[in-house]
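Have a look at the structure below, then the notes.
The analysis underlying the following values was restricted to heavy atoms, covering all of them including side chains, and did not include hydrogens, waters or symmetry mates.
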Amino acid sequence: MIEMVLAVIWLSLLQFSQCVPAGDSNGRVTGHSVTTTDSDIQYCGALNDPTIKTTGDDEDGPGFYITNNDNSSAVKYFLYENSRDEHPWKYLSLPVGTTAFVSVCKTWQGRVVRGVPEVNLDGKVHNLGTWFKSSIGPNGSMWGDISFQEGCDGGGSIAATDGSYAMHKCYEDLLTGAPPKALVTKQTGTKVLAKTVGDAPNQAARDWELSKCNASEVWINENRDGPVIKSANGILEFVFYNGRA
């Protein structure tokens with residue numbers, strides 16, 4: 001029963017944390033999200049701290065195994081904490097075809113996204129693209145999912161590492177052959193699939209993603225039946241597949 005309650009709470013929070021620029025400091029609804037004040041969140045780092053660059057951390061405490069199966073050697077992986085869309089806390093530089101562990105603090109709430117330092121470290125908001133989202137619960141479990149709702153710059157998978165074998169994935173080539181009406185230009189100059197929620201959801205992008213991926217595996221539609229998984233040991237595995245910065 002407790003697990004069911006936690007799952008419902010997590011699903012509800014997910015719907016309110018798919019944030020567009022989190023600029024409302026009073027916790028009001030902005031677009032389809034609710035933002036919170038900084039005092040409500042225990043962040044891993046201070047807002048003015050320089051973004052941490054890593055090529056992999058010691059396997060200690062909560063975190064993620066990240067595998068780079070993307071198409072570009074320029075891709076890096078940026079960790080953004082919730083409500084800090086202009087300042088990534090950490091980013092991982094990882095050769096194509098390899099895996100590294102990235103540690104987070106015990107109060108982590110945020111997402112991992114594709115990017116490049118020249119753009120993602122410019123102090124501006126860059127939300128367009130696939131979000132690998134996760135959050136650590138009070139008991140140390142990590143909950144997570146993959147979302148195309150704020151755009152899609154490639155697919156991938158998310159898996160638990162606690163022996164439960166829970167996994168969700170979409171390993172399709174989502175960008176090649178996509179309808180022109182489904183594409184928009186990312187701040188890096190790359191053409192990616194447009195967002196499917198908010199003020200101007202792109203129906204062509206939604207239809208293309210649903211033709212390639214199962215909505216029970218990744219977030220595409222705006223609903224409460226999301227593909228969330230839990231890893232009881234506080235560690236998830238993210239595989240980034242066939243994506244572009």
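- Taking both residues in full, the closest heavy atoms of L47 and R84 are given as N-NH1, 3.5 Å, listed atom of the first, atom of the second, then distance.
- Taking the side-chain contact (heavy atoms from CB on, under 4.5 Å) definition, one finds that T176 meets it with D173, R244, sequence neighbours left out.
- Shown here for A205 and A194, the closest heavy-atom pair between the two residues is CB-O, 3.6 Å.
- Side-chain atoms of T130 come within 3.5 Å of backbone atoms of G154 as a donor-acceptor pair (strictly under, hydrogens ignored).
- The shortest non-hydrogen separation linking P62 to C105 is CG-O, 3.8 Å.
- Closest approach of Q149 to I220, counting heavy atoms only: CG-O, 3.7 Å.
- In the hydrophobic clustering of ILVMFWY residues, with side-chain heavy atoms under 4.5 Å counting as a link, L94 and F238 come out together.
- At a threshold of 4.5 Å between side-chain heavy atoms, the hydrophobic network of Ile, Leu, Val, Met, Phe, Trp and Tyr places F64 and V75 in one connected group.
- Closest heavy-atom contact between E217 and M167: OE1-O, 4.1 Å.
- Residues meeting the side-chain contact (heavy atoms from CB on, under 4.5 Å) test with D49, sequence neighbours left out: A46.
- A donor and an acceptor atom, one from each side chain of S216 and N214, are located under 3.5 Å apart.
- For residues 173-220, the disulfide bond (SG atoms under 2.5 Å apart) pairs, not counting sequence neighbours, are C170-C213.
- Screening L128, N127, D122 against V125 for a side chain to side chain contact (heavy atoms under 4.5 Å, CB included) leaves a single residue, N127.
- K230 and D162 are not joined by a salt bridge, as no carboxylate oxygen comes within less than 4.0 angstrom of a charged side-chain nitrogen.
- With sequence neighbours left out, T55 forms a side-chain hydrogen bond (donor to acceptor under 3.5 Å, both in side chains) with no residue at all.
- With sequence neighbours excluded, no residue forms a side-chain hydrogen bond (donor to acceptor under 3.5 Å, both in side chains) with T196.
- Listed by chain and number, the residues in a side-chain hydrogen bond (donor to acceptor under 3.5 Å, both in side chains) with N242 are N71 (sequence neighbours excluded).
- Within the 4.5 Å cutoff, side-chain heavy atoms of V228 are placed close to those of W219.
- Evaluation of the ring pair (Phe, Tyr, Trp, His ring centres under 6.0 Å) rule for F101 yields Y65 as partners, not counting sequence neighbours.
- For V96, the side-chain contact (heavy atoms from CB on, under 4.5 Å) partners are N68, not counting sequence neighbours.
- Using a 3.5 Å distance cut-off with no hydrogens or angles, the side chains of T51 and W89 do not pair a donor with an acceptor.
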Item to check | Chi angles and distances behind the side-chain hydrogen bond (donor to acceptor under 3.5 Å, both in side chains) call for Y171, S157 | outcome: CA-CA 7 Å; Y171 283 148; S157 65; 2.6 Å; yes

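- A salt bridge does not link R111 with D145: none of the charged nitrogens is closer than 4.0 Å to a carboxylate oxygen.
- With S141 contributing its side chain and G234 its backbone, the two residues share no donor-acceptor pair below 3.5 Å.
- Under the side-chain contact (heavy atoms from CB on, under 4.5 Å) criterion, Q203 pairs with R206, D207, sequence neighbours left out.
- Between K90 and V102, the closest heavy-atom pair is CD-CG1, 3.6 Å.
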Checklist entry - Can S134 and W143 be said to form a side-chain hydrogen bond (donor to acceptor under 3.5 Å, both in side chains), step by step? => result CA-CA 5 Å; S134 59; W143 301 77; over 6 Å; no

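- Side-chain contact between D153 and K186 is present, with heavy atoms from C-beta onward closer than 4.5 Å.
- Within the 3.5 Å criterion, the main-chain N or O of W108 finds no donor-acceptor partner in the side chain of E81.
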Checklist entry - Do S93 and K76 pass the side-chain hydrogen bond (donor to acceptor under 3.5 Å, both in side chains) test, and can you show the C-alpha distance, the side-chain angles, and the key distance before you say yes or no? => result CA-CA 5 Å; S93 180; K76 313 298 181 188; 3.1 Å; yes

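- A distance of 8.5 Å separates OG of S164 from CG of N233, quoted to the nearest 0.5 Å.
- When the side-chain hydrogen bond (donor to acceptor under 3.5 Å, both in side chains) test is applied to T185, the partners found at least two apart in sequence or on another chain are K191.
- Between I229 and I158, the closest side-chain pair of non-hydrogen atoms falls below 4.5 Å.
- Contact of the P117 side chain with the F78 side chain is registered, since non-hydrogen atoms from C-beta on lie closer than 4.5 Å.
- In this structure, the side chain of W208 engages the main chain of L174 through a donor-acceptor pair within 3.5 Å.
- A 4.5 Å side-chain heavy-atom check between P227 and I146 finds every atom pair outside the cut-off.
- Within the structure, disulfide bond (SG atoms under 2.5 Å apart) pairs that include any residue of residues 123-157 do not occur (at least two apart or interchain).
- Panel note: side chain T107, backbone Q42; a donor-acceptor pair is recorded below 3.5 Å.
- Side-chain atoms of T54 and Y91 include no donor-acceptor pair closer than 3.5 Å.
- Follow the hydrophobic side-chain contacts under 4.5 Å out from M142 and you reach L92 in the same cluster.
- Atom OG of residue S135 and atom CG of residue L236 lie 10.5 Å apart, to the nearest 0.5 angstrom.
- When side chains are defined from C-beta on, Y241 does not count as touching T67, because their heavy atoms never get closer than 4.5 Å.
- Side-chain contact between I66 and T99 is absent, with no heavy-atom pair separated by less than 4.5 Å.
- Between the side chains of Y80 and N120, at least one donor N or O lies within less than 3.5 Å of an accepting N or O.
- Listed by chain and number, the residues in a ring pair (Phe, Tyr, Trp, His ring centres under 6.0 Å) with F240 are Y77, F132 (sequence neighbours excluded).
- Annotation: the span from L210 atom CG to N221 atom CG amounts to 5.0 Å, rounded to 0.5 Å.
- If you take CD on E86 and NE2 on H126, they are separated by 9.0 Å, rounding to the nearest 0.5 Å.
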